[in-house]
2 protein chains.
Amino acid sequence: MKDFFSHINKAFENKVRLGVMSILMVNDWYDFNGFKELLGLTDGNLASHLAKLEKIEFITVKKEFVGKKTKTSYQATKEGKLAFKNHLQALETLIKGTKK
Amino acid sequence: MKDFFSHINKAFENKVRLGVMSILMVNDWYDFNGFKELLGLTDGNLASHLAKLEKIEFITVKKEFVGKKTKTSYQATKEGKLAFKNHLQALETLIKGTKK
DNA sequence: AATAAATACTTTGTACTACAAAGTAAATAA
DNA sequence: TTATTTACTTTGTAGTACAAAGTATTTATT
């Protein structure tokens, strides 16, 4: 693939990951159940997408007890935020700069 | 999937189709070889994505001779343009409207 | 003590997708 | 006649998305 796509990030081609990252751009921490409800996903599907974002270090995880219940929360990393911004920028460029 | 994603269009989750549609938003007609060069794709890959966009009626095809050579050109349909605009609008909303 | 419910997963299986590479057909050029 | 171009189609492989079911741990209910 070419220059044309150099900042279009494969990680953000999927709508679940796009949703997760969007949420984490404006919320410092967001928990598993929060994503699940807001995005309307099954546990497995959500978990697999979160795992992918974690693996490439675009998000980090925190586990804690709130009262007596477990809670797993996620935060975008610096690199994740940067990659997401670049992706959005690339989309804008793509849409605006292709007049022959 | 939820409301949250209602205008995120599966057709535009792929970067090739995103590129093709972006180009067709600002160029009335664009030909096969033009896409191939600009996007840096193999024939088969390009053809398959164009076929997908044609199947869902987001683009239309025109075949002609220019001099002695064949030329196949593509144009976005009204529905294609609308869907693409809605997709972009949805992305914007997604990115801006998720503060808890 | 036994059963049920919640949380945050993992595992499994299926259907679909992206892509390169090779093959095809029809026309033109050397 | 052989090579080249155009615009594909076919084939095969590796990867992806997703639901559903299963798991471990803890807490709540009977």
Side-chain angles (χ1 to χ4, degrees), chain A residues 1-2 4-6 8-24 29-56 58-75 87, chain B residues 1-6 8-24 29-56 58-75 87 94:
Chain A
M1 202 79 50
K2 283 231 177 143
F4 201 77
F5 292 127
S6 59
I8 295 285
N9 199 314
K10 199 138 188 50
F12 306 128
E13 285 196 69
N14 173 273
K15 66 181 176 304
V16 173
R17 293 188 304 261
L18 201 59
V20 165
M21 285 305 295
S22 298
I23 291 167
L24 293 182
W29 291 97
Y30 216 81
D31 66 53
F32 191 90
N33 280 325
F35 285 125
K36 208 174 108 177
E37 274 171 43
L38 188 54
L39 304 177
L41 304 167
T42 55
D43 285 19
N45 195 17
L46 175 57
S48 80
H49 287 296
L50 289 171
K52 255 166 225 180
L53 289 170
E54 204 196 335
K55 197 178 174 189
I56 57 174
F58 281 5
I59 63 172
T60 45
V61 188
K62 175 179 69 172
K63 282 155 195 276
E64 62 186 325
F65 277 88
V66 171
K68 302 288 177 71
K69 289 187 176 177
T70 57
K71 186 176 169 183
T72 308
S73 300
Y74 301 85
Q75 187 185 40
H87 178 80
Chain B
M1 203 78 51
K2 281 233 176 140
D3 249 29
F4 200 79
F5 291 128
S6 58
I8 296 285
N9 199 314
K10 198 133 189 53
F12 306 128
E13 284 196 69
N14 174 272
K15 66 180 176 304
V16 173
R17 291 186 307 260
L18 202 57
V20 166
M21 286 305 296
S22 299
I23 290 167
L24 294 182
W29 291 96
Y30 216 81
D31 66 54
F32 191 89
N33 281 325
F35 284 126
K36 207 174 110 177
E37 273 171 44
L38 187 55
L39 303 177
L41 303 168
T42 55
D43 285 18
N45 194 16
L46 175 56
S48 81
H49 287 297
L50 289 171
K52 255 165 227 181
L53 288 171
E54 205 195 336
K55 197 178 175 191
I56 58 174
F58 281 5
I59 63 174
T60 45
V61 188
K62 173 178 69 173
K63 282 155 194 276
E64 62 186 325
F65 277 88
V66 171
K68 300 288 179 68
K69 289 187 174 176
T70 57
K71 187 176 168 183
T72 309
S73 301
Y74 301 85
Q75 187 186 42
H87 178 80
L94 186 64

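Throughout, a chain's letter reflects where its sequence line sits, starting with A, and its residues are numbered from 1.
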**Request:** State which of C:dA18, D:dA17, C:dC9 makes the closest approach to the side chain of A:Asn14.
**Result:** D:dA17

**Fill in**
Contacts of B:Glu13 and A:Ser48 projected onto DNA chain C by closest heavy atom; the upstream (5') one is A:Ser48

**Asked** Could you give the CD-to-C1' distance, from B:Glu54 to D:dA7, as a whole number of Å?
**Response** 13 Å

**Request:** Could you please name the option among D:dT9, C:dA8, C:dC9 that lies closest to any side-chain atom of A:Ala47?
**Result:** C:dC9

**Message:** At less than 4.0 Å, is any side-chain N or O atom of A:Lys36 found next to OP1 or OP2 of C:dC9? Yes or no.
**Reply:** no

**Message:** Using OP1 and OP2 only, check whether a side-chain N or O of B:Lys15 sits under 4.0 Å from C:dT17.
**Reply:** no

**Spacing between A:Leu39 atom CG and D:dA17 atom P, to the nearest angstrom** = 15 Å

**Complete:** From CG of B:Leu46 across to C1' of C:dT17 the rounded distance in Å is 16 Å

**Nucleotide D:dA7, atom P - distance to CD of B:Glu37 in whole Å** = 11 Å

**Asked** Quick one: ring-ring contact (aromatic ring centres under 6.0 Å, His included) partners of A:Phe12, sequence neighbours excluded?
**Response** A:Phe58, A:Phe84, A:His87

**Prompt:** Can you tell me how far the CD1 atom of A:Ile23 sits from the CG atom of A:Leu38, to the nearest 0.5 Å?
**Reply:** 4.5 Å

**Request:** Nearest whole angstrom, please: distance from the C1' of D:dC8 to the CD1 of B:Ile59.
**Result:** 14 Å

**Complete:** Taken in chain and number order and not counting sequence neighbours, the residues that satisfy side-chain hydrogen bond (donor to acceptor under 3.5 Å, both in side chains) with B:Asn33 are none

**Message:** Apply side chain to side chain contact (heavy atoms under 4.5 Å, CB included) to residues B:Leu41 and B:Phe35 and explain how you reach the verdict.
**Reply:** CA-CA 8 Å; B:Leu41 303 168; B:Phe35 284 126; 5.9 Å; no

**Request:** Answer with base, sugar-phosphate or nothing: what part of the nucleic acid does A:Lys52 contact at a heavy-atom distance below 4.0 Å?
**Result:** sugar-phosphate

**Request:** Would you give a per-nucleotide map of nucleotides 21-30 of chain C, 5' to 3', where B means the base has a protein non-hydrogen atom under 4.0 Å away, S means only the sugar-phosphate does, and - means neither?
**Result:** B------S--

**Prompt:** What nucleotide among C:dC19, C:dA8, D:dA7 has an atom nearest to a side-chain atom of B:His49?
**Reply:** C:dC19

**Asked** For A:Lys62, which residues count as a side chain to side chain contact (heavy atoms under 4.5 Å, CB included) partner, sequence neighbours excluded?
**Response** A:Trp29, A:Glu64, A:Ser73

**Request:** Send over the distance from B:Arg17 CZ to C:dA18 P, rounded to a whole Å.
**Result:** 4 Å

**Item:** Phosphate OP1/OP2 of D:dA7: any B:Tyr74 side-chain N/O under 4.0 Å
**Value:** no

**Request:** Could you pull out all residues at least two apart from B:Asn14 that satisfy side chain to side chain contact (heavy atoms under 4.5 Å, CB included)?
**Result:** A:Glu13, B:Val16, B:Arg17, B:His49

**Asked** Taking only residues two or more places apart in sequence or in another chain, which ones pass side chain to side chain contact (heavy atoms under 4.5 Å, CB included) with B:Ala47?
**Response** B:Phe32

**Request:** Could you check how far CG of A:Leu50 sits from C1' of C:dT10, rounded to whole Å?
**Result:** 14 Å

**Prompt:** Can you check the B:Lys71 NZ to D:dA7 P distance for me, whole Å?
**Reply:** 9 Å

